[in-house]
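Worth knowing before you read on, the calculation uses all heavy atoms, side chains too, and leaves out hydrogens, waters and symmetry mates.
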Amino acid sequence: MSRDFIELYDDDGYRYIVNMDKISFVNVAGRKVWAGEVATLAICDESMERLLSRLVGEGE
């Protein structure tokens, strides 16, 4: 998988492949990610931790 994309999961186990450049807003407390113009994803805690690590440059 390219470094430009991240794999995120919701609480039901559904997988989302998200382009990091398309993320416009992250609500950490609400575990929501806005990607693109219309996509709002409610992700699980583990995915939020992985996303935050990537955003600060410590992740994969």
Same apolar cluster: Y9 and V28, side chain cutoff 4.5 Å: no

Interatomic distance, R31 atom CZ to I43 atom CD1 [nearest 0.5 angstrom]: 8.0 Å

E46 CD to L8 CG distance, which is reported to the nearest 0.5 Å: 10.5 Å

Single-linkage hydrophobic cluster L41~L52, side-chain heavy atoms < 4.5 angstrom: yes

Distance (rounded to the nearest 0.5 Å) between I6 CD1 and N19 CG: 11.0 Å

Lys/Arg-Asp/Glu bridge criterion (N-O < 4.0 Å) met for D10, R15: no

L55 with Y16, same ILVMFWY side-chain cluster at under 4.5 Å: yes

Heavy-atom side-chain contact between I23 and L51 under 4.5 Å: yes

CG on N27 to OG1 on T40, rounded to 0.5 Å: 10.5 Å

side-chain contact (heavy atoms from CB on, under 4.5 Å) evaluation trace for V26 with K32: CA-CA 6 Å; V26 176; K32 293 191 190 248; over 6 Å; no

Gap between atom CZ of F5 and atom CG of D21 - 0.5 Å precision: 8.0 Å

Same cluster (ILVMFWY, side-chain, under 4.5 Å), W34 and V18: no

Gap separating the SG atom of C44 from the CD atom of E49, nearest 0.5 angstrom: 9.0 Å

Donor-acceptor under 3.5 Å (S24 side chain, A35 main chain): no

Main-chain N/O of E7 paired to R50 side chain as donor or acceptor, under 3.5 Å: yes

